[in-house]
Participant: 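Structure in structure tokens, see below.
Note on naming: letters A, B, ... go to the chains in the order of the sequence lines (proteins, then strands), and numbering restarts at 1 for each one. What's counted below: heavy atoms across the whole structure, side chains too, no hydrogens, waters or symmetry copies.
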Amino acid sequence: MQTNNKGSFSSIRAFLCDPFRMFGVVSVILLLLLTVAPAKDYFSQWRSYQRQYLNLIRNRGDAVTLLRHFQGGIQQIWIPQLGVIDRCQTCHVGVAEASLADVKEQPFRAHPPIPHKLTEFGCVICHRGQGAATTVSEAHHSKMAGEEPILPMRYIEASCGQCHHEPLEGTPKLNQGRLMLARYGCVNCHAVTLPDGSTMQGTDNPPPLTHIADKTTREWIYAWLKDPTSYSASSTMPNFLFSDADASDISAFLIANSTPQPGDSMAYSATSSGSASDSSAGAVLYGESFCASCHATQNEAGNLVGGDLGPELTNVGTKVKPGWLMAWLKDPHTYDPTTKMPQYRWTDQQLQTLTAYVAGKTDPDFVANVHLQPATQAQIAHGKKLVIEYGCASCHEITGIPKPDNFAPDLSRIGSKPLVQLIFLPGMEQSLPAYLAEKIRQPRAFGPSLHMPKYSFSTSQIEDLTTALLSFTNRSFTLPPNLQIPAVQDTNYRPAGQAGQLMANINCLSCHRINGNGGTMAPDLSWEGSSVQQPWLDTFLKNPNTLRPTLIRRMPKFNLTDSERTVLTNYMMTVYQTPAFERDEMPLSGYSPDLVEKGRQLFYSKYACQSCHIVNPNQDKGYIGPTLTTVGARLNAAWIFHYLKDPQAIRPETIEPNQHISDDDAQALTAFLMTQKTIAGQGAK
Amino acid sequence: MIFAMLLSAAVSGCDHKKALPPALTAKATGTAIVVVSGDKQLGSPGSQLPQPLILQINDDQGNSVTGAIVQLAGPPGVAFTPQQILTDDNGQATFKVIMGGINGRYELTASSQDAHGKTFSLTIPEFAAGYQQEVGYEVNQKYCSRCHNPDSTSEQVSNYDNLAVKPHRFSDGVIYNNISETDLTTIITHGGAAMNRSALMPPYGWTLNKAEIQGVIAYIRLISDPPYVAPGVVYQKH
């Protein structure tokens with residue numbers, strides 16, 4: 001073999017030693033080399049795509065138009081102020097041809113309609129990748145330092161989030177992901193600073209642990225730490241995967257560190273209220289008080305029913321001590337001054353009944369197998385060390401442990417994290433989205449010493465979160481500031497004076513929004529004083545009846561005293577007025593029968609209001625909107641008139657369509673509605 | 001370069017073959033595939049559909065068959081886990097479906113073999129909504145569905161039964177495919193009365209903006225069953 005090789009080698013050398021032959025060979029090689037450049041160009045990927053494109057359009061009905069639009073060669077969108085040099089259209093030839101929406105072959109399909117123009121934003125701001133590249137692999141798949149690959153389609157909404165910090169109608173994943181970052185407290189540990197300098201805030205309201213021993217037992221804390229979801233599937237607290245010993249030490253520390261709070265507990269005796277009739281009375285009171293508007297419980301089918309403003313109550317009797325529960329129901333602000341739970345003003349008898357009912361919601365299995373030995377000082381000290389190490393105080397108030405700063409990595413630019421800085425698990429896809437998703441799915445797989453807890457999110461929830469994280473890019477900080485659309489921030493509005501105190505006490509703002517602050521579960525009250533008539537408001541607060549029979553979440557009864565109601569209604573009627581019109585510019589009654597009759601006809605024929613509203617319960621059926629049977633005793637005439645003219649101007653969120661009603665028609669409709677003061681057909685027997 | 005491309009093509013070709021799961025052998029056979037749940041879902045491009053696709057194999061008596069093979073196929077870009085499976089004790093097969101990267105209608109094909117080795121199959125439509133269609137979906141959820149969708153949920157009770165003139169489900173292609181883009185825009189913008197139809201259909205032209213109205217039309221076109229074919233565009237001229 002070897003000799004053979006040597007032989008052929010020496011014969012080549014002999015061949016080349018002849019200068020003429022040598023010259024010939026070199027010329028041929030040079031000639032070949034000279035053809036490389038044009039050949040490379042001729043065979044380039046993009047030319048081949050352009051040829052395919054021409055083939056594709058040749059057979060179409062709109063070939064002439066498409067051909068006229070076609071320009072061969074490298075195509076480029078250059079937008080200096082956005083740093084965009086995109087040559088994607090060199091291969092994606094049909095991307096701006098609306099008529100190619102039916103084409104399935106890429107790269108020729110038309111771009112689906114979006115609210116932005118290709119020529120104003122280019123491609124890479126949304127799709128990422130290398131805009132200046134002219135081969136598929138460089139443009140789509142580059143992993144080199146300072147370059148980023150194409151963003152997979154399923155995360156594309158992340159790119160909207162670089163400028164749009166408010167929720168958008170067409171980006172459900174991004175909206176949901178952002179909500180989750182706040183709702184699951186991710187941003188309590190990980191700082192997220194937005195381009196406008198604001199920081200994301202958590203919405204999970206983790207309870208203070210300063211007086212935890214008043215509320216629950218060490219056994220419950222232990223079992224909860226071991227697995228929060230086995231207590232409540234809807235828990236927003238993640239699992240820190242503590243060992244038995246660590247969970248035991250932390251529970252010992254929290255109990256030992258807890259200080260008693262005066263008023264945190266009441267004398268409660270189970271015997272005085274354990275009977276069956278009491279339990280059904282409890283269920284009735286629970287229902288009447290609309291606890292389920294905020295608190296969910298699991299039904300027999302295993303589905304959660306109820307709101308998520310407060311914690312799930314399915315097994316709450318396993319968690320809280322009855323004496324604490326009763327004191328909490330009496331006035332939750334004693335234990336937690338910032339709670340969203342209202343003070344209901346129940347009588348002592350009602351408190352007993354409700355406590356018995358709520359405390360009866362138990363899962364004995366949850367703590368049945370927890371047997372903890374009394375803790376030693378060393379174990380308590382170790383528990384404290386763990387509490388500091390795992391950053392518990394990032395979320396919870398704990399006596400003696402300050403909230404740590406920058407406890408976990410800052411995520412403000414995580415969506416641009418270079419691939420070279422990521423450490424992948426063996427066998428996993430080497431991309432940033434895959435890395436983020438996996439980090440959320442199984443954080444501890446990336447190293448046993450990591451402290452990041454584990455949530456039990458579904459695949460789609462992880463996709464939503466990853467989408468939100470991928471929106472935090474370097475680019476969002478460098479794009480021109482005038483493109484940034486900030487989210488609407490809550491104001492810090494608080495109602496003032498005596499009424500303000502009362503409203504803080506029943507926590508109106510947990511559900512209602514007023515002047516830009518508060519919840520969204522119930523109607524905005526900023527202009528309630530222009531909207532309703534005072535006697536109606538007073539009766540409503542005395543005994544709230546839902547206006548929309550199809551709602552499950554309802555206004556509870558807070559058992560206010562007469563004088564409390566007077567304070568509240570006076571305040572609302574005078575302070576919560578719209579500047580748009582004068583409340584009393586139209587009378588509450590005295591409209592001419594002709595006008596009323598005209599209004600009736602408009603109501604039933606031209607505007608067909610009965611498709612959503614009931615005026616006469618004997619014939620109308622629509623129930624999307626509130627029933628209007630007694631609307632003349634509820635709303636002010638001027639409010640009705642202006643609402644009919646432009647519903648969204650008065651309630652931006654309403655689904656009532658603006659029917660562009662003329663002044664005359666609106667006046668007649670108002671006159672008709674103002675005559676609806678008592679329920680039609682009732683009383684006339 | 002070209003060589004490298006060829007090589008990579010060859011390699012990826014090999015990969016593709018390797019990626020196919022080992023063929024399952026059926027323990028039983030049926031004669032028909034029925035959808036239990038998860039067809040006609042609205043997903044988004046590149047994402048897993050919100051609900052799994054659950055199919056059932058029945059024999060000619062209509063009883064479910066355990067241990068029959070079901071395989072799924074779809075247009076390029078669609079992925080299934082698993083790609084094929086034997087039906088469980090209830091005669092059912094459950095698949096996760098990941099949509100392809102472009103928006104539009106996707107037709108999946110589920111197939112199985114009967115006792116004679118003959119293949120029978122079922123076509124299952126699923127939808128991937130692009131931005132515009134997603135906007136339309138949201139508009140529908142907020143404004144339209146309570147009248148146009150007869151199904152009630154505990155969170156949203158349908159108003160359909162209360163209407164003297166009945167509207168149609170937006171997926172009803174028999175109705176909607178015969179209404180032109182212009183007519184749809186007109187009735188949504190100016191209400192039923194503007195088209196000599198019932199005023200129970202309110203006008204939305206002063207409530208929704210143009211993009212939202214176009215969105216809801218794009219959504220109606222997307223979920224249409226039978227599928228909507230845009231007029232005028234000739235894809236292949238013969």
Participant: Considering only heavy atoms from C-beta outward, does the side chain of P45(B) approach that of R154(A) to under 4.5 Å?
Facilitator: no

Participant: Just how far is it from atom CG of N162(B) to atom OG of S611(A), taken to the nearest 0.5 Å?
Facilitator: 10.0 Å

Participant: Does K96(B) have any salt bridge (charged side-chain N to carboxylate O under 4.0 Å, His left out) partners at least two apart in sequence or in another chain, and if so, which?
Facilitator: none

Participant: Rounded to the nearest 0.5 Å, what separates atom CE in M153(A) from atom CG in N103(B)?
Facilitator: 7.0 Å

Participant: Does any backbone or side-chain atom of P113(A) lie under 4.5 Å from a heavy atom of chain B? Answer side chain, backbone, both or neither.
Facilitator: both

Participant: Tell me the closest heavy-atom pair linking P657(A) and P202(B), and the distance in Å.
Facilitator: CG-CB, 3.7 Å

Participant: Could you check whether any side-chain heavy atom of Y131(B) comes within less than 4.5 Å of a side-chain heavy atom of I156(A), counting everything from C-beta outward?
Facilitator: no

Participant: Non-hydrogen contacts under 4.5 angstrom with chain A: give the residues of residues 184-198 of chain B involved, or none if there are none.
Facilitator: none

Participant: For E107(B), is the CD atom crowded, meaning more than 12 foreign heavy atoms sit under 6.0 Å from it?
Facilitator: yes

Participant: Pick from K621(A), Q610(A), Q106(A): which one has the most heavy-atom pairs with chain B under 4.5 Å?
Facilitator: K621(A)

Participant: Distance check, rounded to the nearest 0.5 Å: Q648(A) atom CD versus W206(B) atom CH2?
Facilitator: 12.5 Å

Participant: Let me know if T459(A) has heavy atoms under 4.5 Å from chain B in its side chain, its backbone, both or neither.
Facilitator: side chain

Participant: With chain B as the partner, which of C612(A), P115(A), S460(A), S137(A) has the greatest number of non-hydrogen pairs under 4.5 Å?
Facilitator: P115(A)

Participant: Relative to chain B, which segment of E157(A) carries a heavy atom at a distance below 4.5 Å: side chain, backbone, both, or neither?
Facilitator: neither

Participant: Could you check whether any side-chain N or O of N658(A) sits under 3.5 Å from a backbone N or O of Y204(B), counting only pairs where one atom can act as donor and the other as acceptor?
Facilitator: no

Participant: Out of curiosity, L163(B) CG to I624(A) CD1, how far, rounded to the nearest 0.5 Å?
Facilitator: 7.5 Å

Participant: For a 4.5 angstrom cut-off between non-hydrogen side-chain atoms, does Y137(B) reach P172(A)?
Facilitator: no

Participant: If you measure from CD on E656(A) to OG1 on T207(B), what distance do you get to the nearest 0.5 Å?
Facilitator: 8.5 Å

Participant: Once rounded to the nearest 0.5 Å, what's the spacing between atom CZ of R109(A) and atom CD1 of I102(B)?
Facilitator: 4.0 Å

Participant: Any side-chain heavy atom of Q132(B) sitting closer than 4.5 Å to one from I114(A)?
Facilitator: no

Participant: Chain A: which of E134(B), E212(B), Q133(B), Q156(B) shares the most heavy-atom pairs with it under 4.5 Å?
Facilitator: E134(B)

Participant: What pairs meet the side-chain hydrogen bond (donor to acceptor under 3.5 Å, both in side chains) rule with one or both residues in residues 39-48 of chain B, with sequence neighbours excluded?
Facilitator: K173(A)-S44(B), K173(A)-S47(B), E463(A)-S47(B), K40(B)-D225(B)

Participant: Using non-hydrogen atoms only, which part of S605(A) is less than 4.5 Å away from chain B: side chain, backbone, both, or neither?
Facilitator: backbone

Participant: With a 4.5 angstrom heavy-atom cut-off, could you sort out which part of L200(B) is near chain A: side chain, backbone, both or neither?
Facilitator: both

Participant: State which residues pass salt bridge (charged side-chain N to carboxylate O under 4.0 Å, His left out) with D89(B); sequence neighbours excluded, sorted by chain then number.
Facilitator: none

Participant: Given that the side chain runs from C-beta out, which part of Y607(A) has a heavy atom under 4.5 Å from chain B: side chain, backbone, both or neither?
Facilitator: backbone

